[in-house]
Amino acid sequence: MQQLRDVLERIAECHLEMQALYRRLHNNCDSARTRLMLEYLQQHQKHIADTIESYIDDAPRRMMDTWYENLEMGGFKQACEAIVPVAGMTEEELMDLHLKLDNRVLGYLERLVEMAPTGEIESAMSDLLRVSKTQQQRLVHSAARMEDI
């Protein structure tokens, strides 16, 4: 059993864990272009984590106090820590890695929608999921534009 507040804080932590991973990869990367993308991804993950924290602070307390049960979110930090930096990582490999991790976090949000105990919470989590998917699409488009430079 976890409160919605705790679940969203855990999702924000996932983004910070991705930021730490990208920092670690940046320190071991040879390609200037990939390092530039890693810097961008670090900033992006920090921004998302901050946005989720603001959402938690601004949301109605009764909504954040709602309980969820049987919501599994374990192993994300270990998955990030298990990734071994490769000096020659390409932008394409980085984007594939990012999408794999980001889709895992989006899966957590999808489960929040599916398991929502009320229509109000389902609607709020659906909005959060929609915004997160839009951010992912924008990131992919921005990365594609970076490749054109």
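- Using a 4.5 Å heavy-atom cutoff, the side chains of V131 and T134 are not in contact.
- Under a hydrophobic clustering in which Ile, Leu, Val, Met, Phe, Trp and Tyr are joined whenever their side-chain heavy atoms come within less than 4.5 Å, directly or via other members, L36 and V86 fall into different clusters.
- Criterion: ILVMFWY side-chain heavy atoms under 4.5 Å apart, direct or through other members. Under it, W67 and M64 are not part of a common hydrophobic cluster.
- The side-chain heavy atoms of E9 and E53, taken from C-beta on, include a pair separated by under 4.5 Å.
- Across all non-hydrogen atoms, the minimal contact from G75 to Q78 is CA-OE1, 3.1 Å.
- I11 places a side-chain heavy atom less than 4.5 Å from the side chain of I52.
- For the pair E69 (side chain) and M1 (backbone), a donor-acceptor distance under 3.5 Å is absent.
- Counting heavy atoms from C-beta on, the side chains of E17 and L21 never come closer than 4.5 Å.
- Shortest non-hydrogen contact noted between A12 and A49 is O-CB, 3.6 Å.
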Verify side-chain contact (heavy atoms from CB on, under 4.5 Å) between M18 and L41, making sure each step is shown before the conclusion.
CA-CA 9 Å; M18 288 170 68; L41 288 172; over 6 Å; no
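- I48 CD1 to Q19 CD: the interatomic distance, rounded to the nearest 0.5 Å, is 10.5 Å.
- Proximity of K46 to L16: side-chain heavy atoms (C-beta onward) are separated by under 4.5 Å at one or more points.
- Here CZ of F76 is found 4.5 Å from CG of L101. Values are rounded to the nearest 0.5 Å.
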For salt bridge (charged side-chain N to carboxylate O under 4.0 Å, His left out), just list the numbers for E114 and R111, CA-CA rounded to whole Å, side-chain angles, deciding distance to a tenth of an Å, and then say yes or no.
CA-CA 5 Å; E114 293 166 4; R111 284 197 293 276; over 6 Å; no
Stepwise side-chain contact (heavy atoms from CB on, under 4.5 Å) test for H47 and Q43
CA-CA 6 Å; H47 173 74; Q43 293 170 359; over 6 Å; no
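- Residues T34 and L25 fail the side-chain proximity criterion, which asks for heavy atoms closer than 4.5 Å.
- For the pair D127 and R130, the salt-bridge criterion is met [side-chain N within less than 4.0 Å of a carboxylate O].
- By the salt bridge (Lys or Arg N to Asp or Glu O under 4.0 Å) test, R24 pairs with no residue at all, sequence neighbours left out.
- For residues 97-109, every residue pair satisfying the side-chain hydrogen bond (donor to acceptor under 3.5 Å, both in side chains) rule, not counting sequence neighbours, is listed here: Y22-H98, D102-Q136, N103-Q136, R104-Y108.
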Residue pair D6, Y68: steps toward the side-chain contact (heavy atoms from CB on, under 4.5 Å) verdict:
CA-CA 10 Å; D6 298 330; Y68 273 84; over 6 Å; no
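- A donor-acceptor pair under 3.5 Å is formed between the side chain of S142 and the backbone N or O of R138.
- In this view, D30 satisfies the salt bridge (Lys or Arg N to Asp or Glu O under 4.0 Å) rule with no residue, not counting sequence neighbours.
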side-chain contact (heavy atoms from CB on, under 4.5 Å) between L8 and M125: does it pass, once the steps are laid out?
CA-CA 10 Å; L8 291 176; M125 294 302 100; 4.3 Å; yes
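- To the nearest 0.5 angstrom, R35 atom CZ is 13.0 Å from L94 atom CG.
- The distance from the CZ atom of R33 to the CG atom of L38 is 13.0 Å, given to the nearest 0.5 Å.
- Note that the OG atom of S126 and the CD1 atom of I121 stand 11.5 Å from one another [nearest 0.5 Å].
- We find the OG-CE distance between S31 and M37 to be 9.0 Å, quoted to the nearest 0.5 Å.
- Distance alone, capped at 3.5 Å, places no donor-acceptor pair between the S123 side chain and the E120 backbone.
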